[in-house]
Number of protein chains: 2
Amino acid sequence: MRDLLTHAVEDYLKAIYDLSLNFGRASTTQIAEVLDVAPASVTGMVKKLASTNPPLVEYQKHRGVVLTQDGEKIALEIIRHHRLLELFLHETLGYSWDEVDAEADRLEHVISDKFEQRIAEVLGDPTHDPHGDPIPTRDLEMPSHATLCLAHLRPDERGSIQRVRDTDPELLRYLGGHGIVPQASFTVMGYTPFDGNLTLRVNGQEEPVVLGTRITQQIFVERE
Amino acid sequence: MRDLLTHAVEDYLKAIYDLSLNFGRASTTQIAEVLDVAPASVTGMVKKLASTNPPLVEYQKHRGVVLTQDGEKIALEIIRHHRLLELFLHETLGYSWDEVDAEADRLEHVISDKFEQRIAEVLGDPTHDPHGDPIPTRDLEMPSHATLCLAHLRPDERGSIQRVRDTDPELLRYLGGHGIVPQASFTVMGYTPFDGNLTLRVNGQEEPVVLGTRITQQIFVERE
DNA sequence: ATCCTTTTTTAGGCAAGACTAAATTCGGCC
DNA sequence: GGCCGAATTTAGTCTTGCCTAAAAAAGGAT
């Protein structure tokens with residue numbers, strides 16, 4: 001009964017975990033979008049996840065799913081794998097921060113507990129991946145993370161970058177090129193009310209940058 | 001047409017490569033044994049491999065298969081992955097030499113060219129894995145390897161361990177415990193004619209070891 | 001309350017890769 | 001030359017995970 005942990009299953013659980021963080025539960029359509037799969041496929045898989053022993057999700061028709069404790073545990077294991085791998089690729093193998101996500105996506109399903117443990121040791125039990133996302137601890141506690149997004153800051157406010165959504169490699173390259181990486185400090189110079197563009201001066205950078213809301217919604221910060 | 005490189009396909013090619021080294025070609029039954037799969041399944045897969053474009057094996061009914069150039073190239077890529085990974089796990093992540101094979105078996109199908117390149121760099125373009133097996137070069141040349149097996153040495157001959165078959169973790173632990181690892185020097189002390197037991201004194205070890213033919217056939221050496 | 005759009009489900013299919021059981025072919029031996 | 005046993009192939013199924021198209025259910029707006 002435990003061998004139902006296919007790669008596909010793991011991907012579903014990860015997606016459901018993420019969606020639940022934002023919306024409380026995950027709808028069929030949302031899951032289908034995230035995984036780039038037909039909605040009908042999701043229904044099928046979700047039914048399977050709900051009827052394993054133990055069940056990994058709670059499923060109500062037309063109301064989407066929530067992870068059970070068992071499901072959440074597995075999701076956190078995979079996320080720990082993923083984020084440790086990202087950091088490992090970055091720190092030890094010299095990957096840039098826009099390259100790590102794709103490679104980690106494939107490796108996360110395949111590494112053993114031993115591998116996980118070893119890279120955690122090599123990295124000194126790190127708490128954050130290269131994009132600033134928190135890494136679940138060994139006993140699968142998820143540390144809290146910044147939720148204030150850059151779009152909400154106003155002129156003259158200062159802050160530090162906490163994390164950046166890791167989905168788009170090109171965006172990451174762009175941001176990296178302007179010094180916008182976790183821990184960087186900055187000051188908001190200007191803000192245009194209608195289109196919401198922010199002008200940012202990043203400490204240590206010559207030129208200020210102008211960022212649209214498409215971008216500033218992907219960046220999470222702490223006020224200083 | 002190139003996406004036919006499933007994990008299963010890669011495993012078949014690897015197995016066929018190995019068998020061809022020893023026997024010139026690979027029979028259905030042999031492949032089935034190596035992969036722990038029913039012979040009928042092998043026939044099916046082998047037909048597929050022979051009818052792709054380009055074909056990866058040459059197949060004649062009832063006479064087994066040989067790799068084509070294309071098939072061999074892929075096999076060597078996988079073997080390079082595997083052996084680089086083994087060494088990486090051993091050197092960088094502190095795995096013991098009996099643990100690396102299983103982990104590498106899963107990772108080899110999943111890592112990118114970039115990953116391969118990076119670990120090769122970190123390891124300084126190594127030529128041999130922890131069991132002494134040669135690692136194909138970047139342009140997929142397979143270095144030659146020792147073929148003289150320990151069972152063929154006679155009393156008073158001296159030599160050095162070159163490589164050890166990596167299939168059985170327990171054997172590897174046993175041998176490692178007695179200092180029998182690649183590059184170790186030794187002297188053959190005695191040999192019993194009927195059962196073929198060898199008594200070995202390994203340089204740097206207190207106690208000599210007695211090894212049966214089941215073991216001495218798995219160890220390859222160079223005379224000194 | 002009903003209509004309409006969105007979401008979900010049903011139903012039917014496909015591709016990989018494995019299996020079993022039943023045929024067939026090969027190779028050696030008399 | 002014919003027979004036997006081992007090796008191989010054929011034929012037919014199963015499972016997983018995905019797909020599409022079309023039916024059905026929810027839920028919001030009027």
Side-chain angles (χ1 to χ4, degrees), chain A residues 1-16 19-20 22-53 55-66 71 74 78 105-106 108-110, chain B residues 1-16 19-20 22-53 55-66 71 74 78 105-106 108-110:
Chain A
M1 270 283 166
R2 251 291 139 90
D3 297 60
L4 274 277
L5 262 62
T6 340
H7 297 187
V9 168
E10 296 180 344
D11 282 337
Y12 274 89
L13 294 176
K14 209 169 50 142
I16 295 167
L19 289 167
S20 300
N22 297 327
F23 305 100
R25 41 175 51 240
S27 80
T28 304
T29 321
Q30 286 175 321
I31 299 171
E33 251 163 49
V34 172
L35 296 180
D36 194 23
V37 138
S41 309
V42 175
T43 305
M45 178 59 93
V46 140
K47 277 186 182 169
K48 188 168 310 178
L49 296 179
S51 61
T52 54
N53 195 328
L56 303 177
V57 302
E58 255 168 47
Y59 169 52
Q60 291 180 282
K61 283 192 184 181
H62 292 113
R63 343 203 71 237
V65 293
V66 209
I74 296 169
I78 305 298
D105 263 337
R106 277 173 291 121
E108 65 188 7
H109 305 295
V110 152
Chain B
M1 268 283 168
R2 250 293 138 87
D3 296 63
L4 275 276
L5 261 62
T6 340
H7 296 187
V9 168
E10 296 181 344
D11 282 338
Y12 274 89
L13 293 175
K14 208 169 52 144
I16 294 167
L19 290 166
S20 300
N22 297 327
F23 304 101
R25 42 172 53 238
S27 77
T28 304
T29 321
Q30 286 174 322
I31 299 171
E33 252 163 47
V34 172
L35 297 180
D36 195 22
V37 139
S41 309
V42 175
T43 304
M45 177 58 92
V46 140
K47 277 185 181 172
K48 187 169 309 177
L49 296 179
S51 61
T52 55
N53 196 327
L56 303 177
V57 303
E58 257 168 46
Y59 169 52
Q60 292 181 282
K61 281 190 184 182
H62 297 275
R63 343 202 73 238
V65 291
V66 210
I74 297 168
I78 304 297
D105 263 337
R106 277 173 291 122
E108 65 187 7
H109 304 296
V110 152

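Keep in mind the model is a prediction, meaning the values are calculated, not measured. These values consider heavy atoms only, across backbone and side chains, with no hydrogens, waters or symmetry-generated copies.
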Calculate the interatomic distance between Asp36(A) atom CG and dG17(D) atom C1'; express it in whole Å. 15 Å

For the side chain of Pro39(B), starting at C-beta, report the closest nucleotide among dT9(D), dG17(C), dC18(D). dT9(D)

Look at the side-chain N and O atoms of Arg63(B) and state whether any lies under 4.0 Å from the OP1 or OP2 oxygen of dT9(D). no

Ranking dT20(D), dA25(D), dT25(C) by distance to the side chain of Ala40(A), first place goes to dT20(D)

Tyr12(B) side chain N/O closer than 4.0 Å to the phosphate oxygens (OP1, OP2) of dA16(C)? no

The side chain of His62(B) is closest to which nucleotide in this list: dT8(C), dC26(C), dA16(C)? dC26(C)

Of the options dG17(C), dC26(C), dC18(D), whose atoms approach the side-chain atoms of Ala8(A) most closely? dC18(D)

Looking at Ser41(A), does any N or O in its side chain come under 4.0 Å of the phosphate oxygens OP1/OP2 on dC18(D)? no

Heavy-atom pair with the smallest gap, counting every atom of Ala15(A) and Leu35(A): CB-CD2, 4.0 Å

Closest approach to the side chain of Thr6(B), judged atom by atom: which nucleotide of dT8(C), dG17(C), dC19(D) is it? dG17(C)

Between dC19(D), dG27(D), dT10(C), spot the one nearest the side chain of Lys61(A), thanks. dT10(C)

Any ion pair linking Arg25(B) and Glu58(B) (charged N to carboxylate O, less than 4.0 Å)? no

Between Lys47(A) and dT10(C), is there a contact of a side-chain N or O with OP1 or OP2 at under 4.0 Å? yes

Measure from the side chain of Thr28(A), starting at C-beta and using heavy atoms only, and say which of dT10(D), dG17(C), dT8(C) lies closest. dT8(C)

If you check every side-chain atom of Ala38(B), which of dA18(C), dT9(D), dC19(C) has the closest atom? dC19(C)

Quick one: label Val37(B) by what it contacts on the DNA or RNA (base, sugar-phosphate, nothing), any heavy atom closer than 4.0 Å. sugar-phosphate

